[in-house]
Number of protein chains: 2
Amino acid sequence: MNDSPEAGLDRDRIQSIERGFAVLLAFDEESPSPTATEVAERTGLSRPAVRRILLTLQHLGYVKVSGQRWMLTPRVLTIGQHFAATNSIIEVTQPHLLRLAERTGESASLAQLDGIDVIYIARVHARRVLSLNVDIGTRLPAHATAMGRVLAAFGGADEVDRIINEGGLPALTSRTVTDPINFRDILHQVRVDGFAIVDGELEEGFLSASAPVRDAKGAVIAAIAYSTSRARQTPEEVARDVLPILREIALDIGSDLAVLGDRPRVLALGARNTFS
Amino acid sequence: MNDSPEAGLDRDRIQSIERGFAVLLAFDEESPSPTATEVAERTGLSRPAVRRILLTLQHLGYVKVSGQRWMLTPRVLTIGQHFAATNSIIEVTQPHLLRLAERTGESASLAQLDGIDVIYIARVHARRVLSLNVDIGTRLPAHATAMGRVLAAFGGADEVDRIINEGGLPALTSRTVTDPINFRDILHQVRVDGFAIVDGELEEGFLSASAPVRDAKGAVIAAIAYSTSRARQTPEEVARDVLPILREIALDIGSDLAVLGDRPRVLALGARNTFS
DNA sequence: TCCTGGTGTACGCTGTGCGTACGATTTGCA
DNA sequence: TGCAAATCGTACGCACAGCGTACACCAGGA
């Protein structure tokens with residue numbers, strides 16, 4: 001009965017693992033501490049299956065029970081640590097982001113592309129208060145962010161197609177560019193300019209500039225960004241005052257990466273015990 | 001043959017899920033981009049099994065291949081987001097930590113206990129530069145940190161036992177308290193005082209003070225901390241100048257939590273699109 | 001008192017996921 | 001240039017891991 005061309009999708013995929021993550025991700029703001037039955041409903045799995053998975057995750061330390069209600073434990077945060085530990089770019093970039101934030105007095109970020117989103121992988125907040133939670137691990141739609149456009153412009157054509165077709169360029173404000181042709185033109189311009197500035201297309205009043213970070217081979221592996229409020233600066237001011245700094249710092253990061261190379265990893269170990 | 005008391009360890013645990021996480025965590029600083037064979041060696045799994053697991057994780061978007069080498073993707077960072085999204089304490093605490101950091105000019109942190117470690121779940125860095133990567137998700141041994149002692153002191157007896165027996169109170173500097181009896185005395189004092197100050201027991205020259213955060217029912221659910229350098233302040237100065245502020249802020253957080261209650265969750269949704 | 005909605009668990013069948021085994025490919029060395 | 005060693009991917013058949021059905025139980029509310 002698996003004769004249909006679509007069926008039999010990959011015999012090389014392990015159902016239980018996919019189920020495990022489905023359960024783990026069933027914990028969200030809509031259901032922060034669900035019962036096993038609730039998890040079963042949300043995931044579409046049978047209750048005994050969910051129970052087995054929750055017990056497994058509990059044994060691994062990622063969830064705990066309190067009465068009938070299950071909760072994530074802080075241990076899930078450590079999974080992300082492995083990403084940081086395996087990407088020298090984060091370590092390398094941190095001081096440069098700090099420098100950027102200090103010279104400008106605004107927020108500085110580092111991000112990579114993930115499907116149709118960008119994900120922040122490092123960030124230094126503006127001292128200017130009330131940052132609020134655009135923090136490491138946060139996803140934002142690539143098409144309406146300066147970093148997303150830089151990463152798309154210098155990434156593969158398939159990634160651009162995915163953003164257009166899969167994502168569909170939804171309007172997030174009245175200013176969001178939603179026309180594919182227009183969008184491709186913009187990306188072309190980004191490729192020519194070597195930077196992107198986005199003004200209020202993600203959120204009204206939010207202004208951001210981004211430049212690509214290149215590895216030793218010249219491949220774009222991330223983007224850095226400067227973010228501010230339209231109330232404080234115009235795009236023209238950003239282009240004039242901030243862009244040179246931003247591009248310089250992007251190049252500096254590239255140089256540092258080239259020095260490090262993919263060479264035998266030096267001890268990044270002590271980092272765990274290094275304090276301010 | 002499952003008659004032996006030890007054997008038959010839980011039929012309610014799913015092997016594949018445990019294997020999946022084992023593979024995911026096989027990516028670390030010692031092996032940032034391993035081949036499938038390397039992963040097999042590190043995890044003790046067969047190569048085809050590892051291959052299936054990697055393909056599964058790739059399909060989920062958590063790893064990618066480049067040639068023969070596998071790497072984590074930034075998507076693993078989003079797993080941690082679910083923890084933040086399901087714990088109102090983080091959201092509630094952030095502004096208070098900021099206030100603490102601004103009033104003192106040093107770093108402020110929020111942590112919870114995980115086994116024998118504390119895990120940072122929120123943090124505001126000192127503007128004083130070069131913080132360096134004691135960041136969200138970082139684990140530190142509970143027995144030698146102010147936050148760990150607060151959480152142990154106000155936690156269950158089993159947690160204290162675990163820290164002593166499982167962890168073994170290893171000396172991290174010459175000052176670390178390693179004697180169980182001495183350690184229990186200190187915890188007792190913390191319980192009496194309602195705070196902990198640790199001076200150079202985790203790392204030479206590192207000085208930290210911590211106070212418990214209580215929920216509406218009075219249960220200690222986290223700890224906040226103030227961290228500085230011994231070069232800048234003595235423990236006595238911290239006790240005199242900072243401790244009152246720290247305890248006040250811990251109480252403020254508790255009040256905010258009580259207000260929120262476990263009541264029907266209000267929208268925390270917009271947070272995703274809120275900027276500085 | 002029943003009813004609702006949660007829980008744990010026994011159990012037998014199925015098909016998932018296992019590892020062995022093999023062929024293809026690449027790399028280093030003679 | 002050719003052989004050997006060490007990768008890789010993958011086919012395949014078997015075993016048992018994990019599945020869901022079914023049932024018992026328990027707490028709270030009507």
Side-chain angles (χ1 to χ4, degrees), chain A residues 1-24 26-27 30-60 62-71 262 264, chain B residues 1-24 26-27 31-60 62-71 86 217 262-264:
Chain A
M1 57 186 63
N2 274 347
D3 299 322
S4 83
E6 304 288 36
L9 292 139
D10 262 328
R11 147 158 34 282
D12 293 314
R13 212 177 298 158
I14 295 174
Q15 193 189 48
S16 300
I17 292 180
E18 297 185 330
R19 290 178 165 205
F21 281 101
V23 167
L24 201 62
F27 293 78
E30 284 166 31
S31 158
S33 50
T35 64
T37 305
E38 275 169 37
V39 174
E41 283 163 4
R42 306 189 100 225
T43 56
L45 301 173
S46 74
R47 198 172 51 77
V50 165
R51 179 187 144 80
R52 281 189 291 267
I53 293 168
L54 285 173
L55 288 173
T56 306
L57 293 174
Q58 180 186 35
H59 183 246
L60 293 171
Y62 295 122
V63 302
K64 63 184 175 190
V65 223
S66 170
Q68 322 250 47
R69 307 228 148 246
W70 294 80
M71 295 196 62
D262 344 24
Chain B
M1 59 184 63
N2 273 346
D3 300 322
S4 84
E6 304 288 36
L9 293 139
D10 264 330
R11 140 157 42 282
D12 293 313
R13 211 177 298 155
I14 295 174
Q15 194 190 47
S16 299
I17 291 180
E18 297 186 330
R19 290 178 165 205
F21 281 101
V23 167
L24 201 63
F27 294 77
S31 160
S33 51
T35 64
T37 306
E38 276 169 35
V39 174
E41 284 164 3
R42 306 189 101 224
T43 55
L45 300 174
S46 75
R47 198 171 51 77
V50 166
R51 179 186 145 79
R52 279 190 291 268
I53 293 167
L54 285 172
L55 288 172
T56 307
L57 294 174
Q58 179 186 35
H59 184 246
L60 293 172
Y62 295 122
V63 302
K64 63 184 175 189
V65 224
S66 168
Q68 322 252 45
R69 306 227 149 249
W70 294 80
M71 295 196 62
T86 56
K217 281 164 261 164
D262 341 25
R263 238 87 50 58

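Throughout, a chain's letter reflects where its sequence line sits, starting with A, and its residues are numbered from 1.
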Between [X] ([atom1]) and [N] ([atom2]), how many Å, whole number?
X: A:L45; N: D:dG20; atom1: CG; atom2: C1'; value: 11 Å
X: B:L55; N: C:dT16; atom1: CG; atom2: C1'; value: 16 Å
X: B:I14; N: C:dT16; atom1: CD1; atom2: P; value: 14 Å
X: B:L54; N: D:dT10; atom1: CG; atom2: P; value: 14 Å
X: A:R13; N: C:dG17; atom1: CZ; atom2: C1'; value: 14 Å
X: A:I17; N: D:dC19; atom1: CD1; atom2: P; value: 12 Å

**Request:** Using ring pair (Phe, Tyr, Trp, His ring centres under 6.0 Å) as the criterion, list what pairs up with A:Y62, not counting sequence neighbours.
**Result:** B:F21
**Request:** Tell me which nucleotide among C:dG19, D:dG18, D:dG20 gets nearest to the side chain of B:A49.
**Result:** C:dG19
**Message:** Need the bend value for the helix from C:dT1-D:dA30 to C:dC22-D:dG9: angle between end axes, 5 pairs each end, nearest 10°.
**Reply:** 40°
**Under 3.5 Å donor-acceptor, A:T43 side chain and A:V23 backbone** = no
**Request:** Report the distance from atom CG of B:D12 to atom NE2 of A:H59, rounding to the nearest 0.5 Å.
**Result:** 12.5 Å
**Request:** Quick one: pull up CD1 in A:I17 and CD in B:E18 and give me the separation to the nearest 0.5 Å.
**Result:** 11.0 Å
**Prompt:** According to a strict under-4.0 Å criterion, is B:R19 in side-chain N/O contact with OP1 or OP2 of C:dC18?
**Reply:** yes
**Message:** At less than 4.0 Å, is any side-chain N or O atom of A:S16 found next to OP1 or OP2 of C:dG17? Yes or no.
**Reply:** yes
**Any residue meeting side-chain hydrogen bond (donor to acceptor under 3.5 Å, both in side chains) with A:R42, in chain and number order, not counting sequence neighbours** = A:D28, A:E30
**Asked** How would you list, by chain and number, every residue that makes a side chain to side chain contact (heavy atoms under 4.5 Å, CB included) with A:T35, sequence neighbours excluded?
**Response** A:T37, A:E38, A:Q68, A:R69
**Request:** Please lay out, stage by stage, how A:L57 and A:W70 fare under the test side chain to side chain contact (heavy atoms under 4.5 Å, CB included).
**Result:** CA-CA 11 Å; A:L57 293 174; A:W70 294 80; over 6 Å; no
**Message:** Does B:L55 form a side chain to side chain contact (heavy atoms under 4.5 Å, CB included) with B:Q58? I'd like the steps, not just the answer.
**Reply:** CA-CA 5 Å; B:L55 288 172; B:Q58 179 186 35; 3.6 Å; yes
Between the protein and nucleotides 2-9 of chain C, are there any N/O to N/O pairs under 3.5 Å, and if so, what are the atom names and distances?
unit_1: C:dT7; atom_1: OP1; unit_2: A:A36; atom_2: N; d: 3.0
unit_1: C:dT7; atom_1: OP2; unit_2: A:T37; atom_2: N; d: 3.3
unit_1: C:dT7; atom_1: OP2; unit_2: A:T37; atom_2: OG1; d: 2.2
unit_1: C:dT7; atom_1: O4; unit_2: A:R47; atom_2: NH2; d: 3.0
unit_1: C:dG8; atom_1: OP1; unit_2: A:R51; atom_2: NH1; d: 3.2
unit_1: C:dG8; atom_1: OP2; unit_2: A:R51; atom_2: NH1; d: 3.2
unit_1: C:dG8; atom_1: O5'; unit_2: A:R51; atom_2: NH1; d: 3.2
unit_1: C:dG8; atom_1: N7; unit_2: A:R47; atom_2: NH1; d: 3.4
unit_1: C:dG8; atom_1: O6; unit_2: A:R47; atom_2: NH2; d: 2.9
unit_1: C:dT9; atom_1: OP2; unit_2: A:R51; atom_2: NH2; d: 2.8

**Prompt:** For B:R19, which residues count as a salt bridge (charged side-chain N to carboxylate O under 4.0 Å, His left out) partner, sequence neighbours excluded?
**Reply:** none
